[in-house]
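Since the structure comes first, as structure tokens, the remarks are kept for the end.
Hydrogens, waters and symmetry mates play no part in the numbers below; they use all other heavy atoms, side chains included.
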Amino acid sequence: MDHTSPIVEDVFGISWLDFNLSNVFMIAVVSLIVFVLCTLASRKLQMKPTGMQNFMEWIIEFIKGIIGDTMDWKTGKVFLPLGLTLITYIFVSNLVGVMTVGVVGHDLWWKSPTADATLTLTLSAMVVMLTHFYGIKVNGAKSYFKTFVSPVPLMLPFKIIEEFTNTLTLGLRLFGNIYAGEILLSLLVGLATSSVFGFFGAAIPMMVWQGFSLFIGAIQAFVFTMLTMVYMSHKVSKDH
């Protein structure tokens, strides 16, 4: 619980530009893991899929189902790569800090990157900006911005507040669930290393919580992807 983050401050002499090297490192690690998994799943494609290809095709069908539940497929098929990227990246990010943590000195280097609010809020902000981009691309700038003052111009401030609210709730929901899980795991690790009795007392709860964290990680990846498609459908569908 006394671990600190390896922060590089005032990058390029800019007073507000700081980097958490742990986040940068874990983002690269998770990206590599997802890239390797997707490469292995698509390396030898077969008409009758087995192994990793079968699993990846199941995920793709799952994402198709999410998109189909939020918008028509003709409009939403372009978002299949986005949904696939989000659910795999977030799921792996949620899990890498469940099994173990990596500490060098007093700095925590190995953890779930989604246990940092900066990363999850950045991810949610990117998603919301993408919804605006595709809303303009599909409907045209004039028609799109007209929705912010419909049915009456008085709706404009409420629509703007809604965009900020969506960004905060999407990012903080993911952060809160993963961060809370890692805090409890840290407490159990501290108990397990305190004494022999502490080790046996924490062993079973730790295994149970790791299994539960696997479930939570999957659910949060699904929720983030689902809400992304819901927000996207509100921007691109003609009936919204």
After noting the C-alpha distance and the side-chain angles of L130 and L82, does the key distance pass the side-chain contact (heavy atoms from CB on, under 4.5 Å) rule? CA-CA 10 Å; L130 271 178; L82 173 63; 4.1 Å; yes
What's the verdict on side-chain contact (heavy atoms from CB on, under 4.5 Å) for I63 and I60, showing C-alpha distance, side-chain angles and the deciding distance? CA-CA 5 Å; I63 299 300; I60 292 173; 5.8 Å; no
From CA spacing to verdict: side-chain contact (heavy atoms from CB on, under 4.5 Å), T114, Q220: CA-CA 10 Å; T114 43; Q220 289 305 311; over 6 Å; no
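Between S22 and K111, the closest side-chain pair of non-hydrogen atoms falls below 4.5 Å. At a threshold of 4.5 Å between non-hydrogen side-chain atoms, the residues L119 and M26 do not count as touching. Counting heavy atoms from C-beta outward, F224 and T228 have side chains that approach closer than 4.5 Å. Between L21 and F25, every side-chain heavy-atom pair lies at or beyond the 4.5 Å cut-off. Using a 4.5 Å heavy-atom cutoff, the side chains of W73 and K64 are in contact. In this structure, L174 and I90 have side chains that are in contact, with non-hydrogen atoms separated by less than 4.5 Å. V29 is not listed as a side-chain neighbour of P113, based on a closest heavy-atom distance of 4.5 Å or more. Taking the side chain as every heavy atom from C-beta outward, I27 and Y89 approach each other to under 4.5 Å.
When all heavy atoms are compared, the tightest approach of N166 to T169 is O-OG1, 3.2 Å. The shortest non-hydrogen separation linking Y231 to L170 is CE1-CD2, 4.1 Å. Smallest separation of non-hydrogen atoms from R173 and V223: CD-CG1, 3.9 Å.
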Using atom types as modelled, flag every donor-acceptor pair under 3.5 Å from a side chain in residues 148-155 to any protein atom, sequence neighbours excluded.
from, atom 1, to, atom 2, distance (Å)
S150, OG, K146, O, 2.8

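V128 and F164 fall into different hydrophobic clusters, where Ile, Leu, Val, Met, Phe, Trp and Tyr residues are linked whenever their side-chain heavy atoms come under 4.5 Å apart, directly or through other members. The same ILVMFWY cluster, assembled from side-chain heavy atoms under 4.5 Å apart, contains both M71 and F133. One hydrophobic cluster holds both F62 and M232 under the rule that ILVMFWY side chains link at heavy-atom gaps under 4.5 Å. V34 and M126 sit in two unconnected hydrophobic clusters of ILVMFWY residues. Membership requires side-chain heavy atoms under 4.5 Å apart, directly or through other members. Side-chain heavy atoms closer than 4.5 Å link hydrophobic residues (I, L, V, M, F, W, Y) into clusters, and following such links, possibly through other members, connects W58 to I87.
To the nearest 0.5 Å, atom NZ of residue K142 and atom CD1 of residue I136 are 15.0 Å apart. Atom-to-atom distance recorded for I219:CD1 and F91:CZ is 10.5 Å, nearest 0.5 angstrom. Atom-to-atom distance recorded for L156:CG and F158:CZ is 10.0 Å, nearest 0.5 angstrom. To the nearest 0.5 Å, atom CG of residue D116 and atom CG of residue L121 are 9.0 Å apart. Remark: I67 CD1 to M229 CE distance equals 4.5 Å, nearest 0.5 Å. Rounding to the nearest 0.5 Å gives a distance of 7.5 Å between CG of L123 and OG1 of T120.
Judged as a salt bridge (charged side-chain N to carboxylate O under 4.0 Å, His left out), and not counting sequence neighbours, K159 has no contacts.
Counting only residues at least two apart or on different chains, the side-chain hydrogen bond (donor to acceptor under 3.5 Å, both in side chains) pairs with a member in residues 122-137 are H132-Y144, H132-E163.
Without hydrogens or angle criteria, S112 side chain to S93 main chain gives a donor-acceptor distance under 3.5 Å. Not a single donor-acceptor pair under 3.5 Å links the side chain of N94 to the backbone N or O of I178.
Heavy-atom neighbours of Y179 OH from other residues, nucleotides or ligands within 6.0 Å: at or below the threshold of 12.
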